Each structure stands twice: as C-alpha cells, then as structure tokens.
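In what follows, chains are A, B, ... by sequence order, proteins preceding strands, each numbered from 1. Bear in mind the structure is a predicted one, so any value in this text is a computation, not a measurement.
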Amino acid sequence: MPRAKFQTLTEQMFYILLCLKEECCGMDIMDRIPAMTAGRVNVGSGTLYNLLEQFQQEGMIRETKVEGRRRSYILTPKGIEILETEYQRIRWQMNDFERIMRKEEEK
Amino acid sequence: MRKSKYVATQFCFYDRSGIQKMLEKQAQKGWMLAEIHNFTWEYHRIEPQELHFAVTYYPKASAFDPYPSAEEEMYREFASHSGWKFVASNAQLQIFCSEAENPVPIETDPLVELQNIHRAVKKSFLPSYCLLLFCALMNLGMNGWRLMDNFTGTLANNVNLFAILCWTLLAAMEIGEISSYFFWRWRALKAAKLDGSFVETRNRNNIMWMILALVIAAYILMVSSLSSKMIMVAVLSAVFMLGAVYLVLRFTKWMKKTGFSREDNRAYTILATVFVSVAVTVLFTWAIVSTLNRLPDDHVKDSYYFNGITVTRHGDDLPLTVEMLTGEDDGDYSLYKTVESSVLIDRFIANQYRNFGTGEGSSLRYVVVDVKFASLFDACLRDYLGLYHNQQLVDVFGNEFYGEFYPVDPTPWGADRAWQLVRLEEEAEYLLVYGNRIVNIDFFDFSQEPSQKQMDMVAQIFGNEQKFENNENK
C-alpha cells in the first residue's frame, strides 16, 4: 500500500519543522539546524526551498511575514500534529530498541 | 592570451553530474562559465583553481522569462546564504559554484531532488523531445509511404536516403533519450528510497557527437553526388534554414532583453516561427526557381509551335534509339534522359517520343536500374513486376483488371530472366534481368513485335556492365 506523503519524515524534514515551532525566516533554518544538532544534520538550500514549498502546499506551515526576499514561517496545527506523530514513532522505535537490546545484555 | 571563449556544448538536460564535472575541469584549466547561449557556452578567463559546482533545477523558471522572478531570486539567495555563488542559468537549469573545500551541497535529499528534476523535465525536456519524436515519426511515415509507392525511385535518390537517415537517427535519439531518462529515474528513485543515495547520470555526449558527425558526413556525401544545380539548391536550403533559426532565436533574445513578459514572448516566438518559416519557404522557392530559370537547360535542343503553344524539344544522347531499332530516321523526335544515382541504386530513364503533329510513329521508353547491393535486388524486381498493379483498367464489358508481367523465354533477349506485360492482350513492354540490372523497356507504337535483331541490340547495349551517365557538368 503506497505511503501517504509525509506519513514518515526524513531527518531533514523533522528538523525543519522543529525549527518552525516558533516563527523563523527560511534562510535562518539553514543555520539553526546544524547548531541544534551539533553539526550532525545539514539541509541544503535547494532541499530547504523545495521542502518549505511542499510543507506550505500541504498546510503544515504558513507564511507569517515577507520582508523583501526574506519570508518567515511557522507551524500550523496540522504541522504540529505530524511532528508529534513522528516523535511518537521515534519513541516507539527507541523503546523497542531498549527492550530488545538491553534484555539481551542483561542475559 | 584570449580572455573569453565559446564552446559548443551538448549535454542532456538532466545530466547534472556530467555538467558539474565539466565545469570543474574548466575551472582547473582557468575558465569560468559566464553565460549559456543557444548552442555555445561562454567562458571567461580566471586563475586556475579548484571549485565545486552545483547544477540544480528551478522548475518555475522559463526560457522566455525577461529576468528572474522574485521567487527565483529568493532561491538564489538561499544558495548564496550557504556559500554558493550564482554562475549562470538556462531556463530551469541553475548553476552555482563554491570555493569552500567541503560546502554543504545545495541538494541534500535525493528524493526531493528527483521530484524537482522531474518537475523541470516535464516542463521542458519531455514536451520538446516528444514533439521532435512526433515530427520524426511523421516524416518517417511519409517516407515509408513513398517507399511503398515508388520503392526503386525513392532509393535511387541520395537526398531521399539522407532524409530517411536523418529522421531515423532523430527518432532513435529521441526514443533513446526519453527512455534513458525514465530508466535512470526508476533506478534513482529505487536507490534514494533504499539507502538515500543519488544515482549519477551517465555521460552520453560521445554518442551525440558521433551522430552529429555521421549526419554531417552523410550530408557532404549527399551533396557531392548531386549535379551542380542541385548542389546550389542543397547549399541554399541549408543557408535559408539556418538563417530562419537564427532570426527566430535573435528575436526571442531581443524580446527578453526588452522586457516582454513570459507569455507575450512565448506567443510572439510561436508567431514569428510560423511567419519566418512561411516567408523563408516562399523566398527560397522564388530564389531557386528564378535562378534555375536563368540557367541554360542542357536538355533543350530547340522548340516548335503546336496549336499555338511553344513546345521545347530535347536532344539528349540515348544509348538506344528508335532510329537504331528501326533503321529509319525522320528526325521528328524529342529525346530526354534522367540519371539518378545513390549509394544503393543507379537509375537511367530514357524517353524518345514523337513531336506533336508529326503523325503516327514509334516511340521508345526504357528504364535501366543497377542495384548495387544483392540484398536489395529482389525488392527492386518486385517493385517493377508490380508496376501496373495500381492502374485499374475497365474493358468494354465493364470488367476491371490490372496490368501484369508474365514470364517469357529470356533466351532471345540474352537475359537471365524476362517478363512481358499483359493487359487486355500482350503488349510490347518487357522486363529484363541482366545480372544485377533490371531493364524495363516499352516499344510504344512499334508496328510489330520486337524482332530477333532488335532483341540482340537490346542485349548488346544493356547486357553488359556499361554505366549510363548524365552529360551535365558537375
């Protein structure tokens, strides 16, 4: 059965949405994500531009202000819900990992 | 030392890997891309250096945009923020460069990148290639119909063969490019979903250049086989065609510089293409006809009046004439020959017919076909055996019938094989085979069937390997 779009998020999608918990300019996201992840995750400018457009089309974010070429966005309730769902999915994965891997170590 | 250069560049639209590698090599040699023109890429001199290039696609851009839109400028500012400097663009294709040692790539998600490339491809590459494929298949269809209608005549003409070659290559190229794209996309999507990797595109530039070289070589071969008049036509047609393309491209570029909107530019470009095509065709036809009319016709001997009309009389040298066959010469004939030659077939067509108003008498018509490849011989013979299959006749009783060649004894003709035409009755038209030569000869209005002496004459003249050439200077 084909997966719905954004049913699961990639790491880059996850962190872009996380940055938009508060109003943020699109370009600043490129600096915040590596700062947030200690350089582990980077988002290319082209990828960021396209994902912001897709998130906006899906109603996951909305534009808050435009200052020249600088546009700011923020999560919508739908975006928050999708982010929460992804967080839950990661938690379940983490719990399953700890349950299986730690159990074997105790043995 | 020159400060700029123009390089004829041929890349597939979505071959971002190949373009990046080429630009990096040029930078190492001290050349930086400055602008992308229609057929060439312009480079300016820089200090040789290691640069990283990124080729991306912005689907919302158009070749008709007078300037980048605000959104496109924002896209470029995003890239600039992460250290990528804009270099050049060509419609949806955007090229950036970075001096950093390990810059964060502009595209970091292969799936998002593939979606983007596909949106750009659907807008430009696919529609134009599909249109070209449609044109190629349509022309191949017309040539196919022409082959079915006149197989030997079509193959005896290098111009026809050149056209068939070009349209076949174009169709093969378009099918190859379109299927290559979808195959690459399928592999790339699979890899992106499996392990997040990006499948690089394969460079097929060598194939493109080989095809271009083949077409140019075939064109030179075709032109060199033409008569002097036809060489002029071939060269003029190439000049007019290139001139028309140049005019339209310059007009589009002028509209962009002047600031015409994308929609207006596209609409006026289409109108200009139609107008220039019609104008160039009319101009070309006028130029050819008026020039050819001024040139002397090598075939014309003199002219005479018949019923108030001036009729030209031709005086070509023919290898076999009515006078030779009958031993009589009353001089009231027009003799005309046509020689066609291609890499596959030589064809010599001769007509000797009586002048109008000179009373009844014999006329002679024959076609000599030399087939250069044994594999084509049977098809050419079948073409001539079916010469009258499409000419329906009706007898006095209303019965419909067609002319048919029936086998006859070839021995009197000194031939390998022989047929005689039968319509209502046996006629004095024959089909003879001498080795790889087919002779179709019509003794029109001869008072009796060909005598043995006449058959011997035919065998002597056509039964050897003598070539029949045009007497026009090349």
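With hydrogens and angles ignored, the 3.5 Å screen pairs a side-chain donor or acceptor of Lys256(B) with a backbone N or O of Ala63(B). Judged purely by atom type and a 3.5 angstrom limit, Asp15(B) uses its side chain to pair as donor or acceptor with the backbone of Gly18(B). A donor-acceptor pair under 3.5 Å is absent between the side-chain atoms of Thr258(B) and the main chain of Phe260(B), judged by distance alone. Without hydrogens or angle criteria, Thr9(B) side chain to Val7(B) main chain gives a donor-acceptor distance under 3.5 Å. With hydrogens and angles disregarded, a donor-acceptor distance shorter than 3.5 Å links the side chain of Lys123(B) to the backbone of Ala61(B).
Contact annotation for residues 35-55 of chain A against chain B (heavy-atom separation below 4.5 Å, listed by residue number): Asn42(A), Val43(A), Gly44(A), Ser45(A), Gly46(A), Thr47(A), Leu48(A), Tyr49(A), Asn50(A), Leu51(A), Leu52(A), Glu53(A), Gln54(A). By a heavy-atom distance cut of under 4.5 Å, Arg69(A), Arg71(A), Tyr73(A) are the residues of residues 59-82 of chain A near chain B, going up by number. Contact residues of residues 32-55 of chain B toward chain A are absent (heavy-atom distance under 4.5 Å). Using non-hydrogen atoms only and a strict 4.5 Å limit, the part of residues 82-110 of chain B facing chain A consists of Ser82(B), Val104(B), Pro105(B), Ile106(B), Glu107(B), Thr108(B), Asp109(B).
One side chain, Asn265(B) or Thr269(B), offers a donor N or O that lies under 3.5 Å from an acceptor on the other. Side chains of Asp31(A) and His81(B): a donor on one and an acceptor on the other come within 3.5 Å. For the residue pair Lys25(B) and Gln20(B), no side-chain donor N or O sits within less than 3.5 Å of a side-chain acceptor on the partner. Side-chain atoms of Thr252(B) and Tyr268(B) include no donor-acceptor pair closer than 3.5 Å.
Ion pairing between a basic and an acidic side chain is recognised when a charged N comes within 4.0 Å of a carboxylate O; Glu86(A) and Arg89(A) show such pairing. Contact check on Lys60(B) versus Glu71(B) returns a salt bridge, with a Lys/Arg side-chain nitrogen under 4.0 Å from an Asp/Glu carboxylate oxygen.
A cation-pi contact, defined as under 6.0 Å to the ring centre and within 45° of the axis, is absent between Arg187(B) and Phe182(B).
Taken to the nearest 0.5 Å, the OG1 atom of Thr201(B) stands 9.0 Å off from the CZ atom of Phe11(B). Ser4(B) OG to Trp31(B) CH2: the interatomic distance, rounded to the nearest 0.5 Å, is 6.5 Å. Here the SG-CZ distance, from Cys130(B) to Phe125(B), works out to 8.5 Å after rounding to the nearest 0.5 Å.
Only the side chain of Arg119(B) comes within contact range of chain A, with at least one heavy atom under 4.5 Å from a heavy atom of that chain. For a residue to count as touching a neighbouring chain, one of its non-hydrogen atoms must lie under 4.5 Å from one of that chain's; by this rule Glu73(B) touches chain A with backbone and side chain alike. For Met30(A), the part sitting under 4.5 Å from any heavy atom of chain B is the side chain, from C-beta outward, and nothing else.
Of all non-hydrogen atoms in Glu177(B) and Cys12(B), the two that sit nearest each other are OE1-SG, 2.9 Å. Across Asp195(B) and Ala191(B), no two heavy atoms sit closer than the pair OD1-O, 2.7 Å.
For Tyr57(B) and Phe13(B), the gap between ring centers is short of 6.0 Å.
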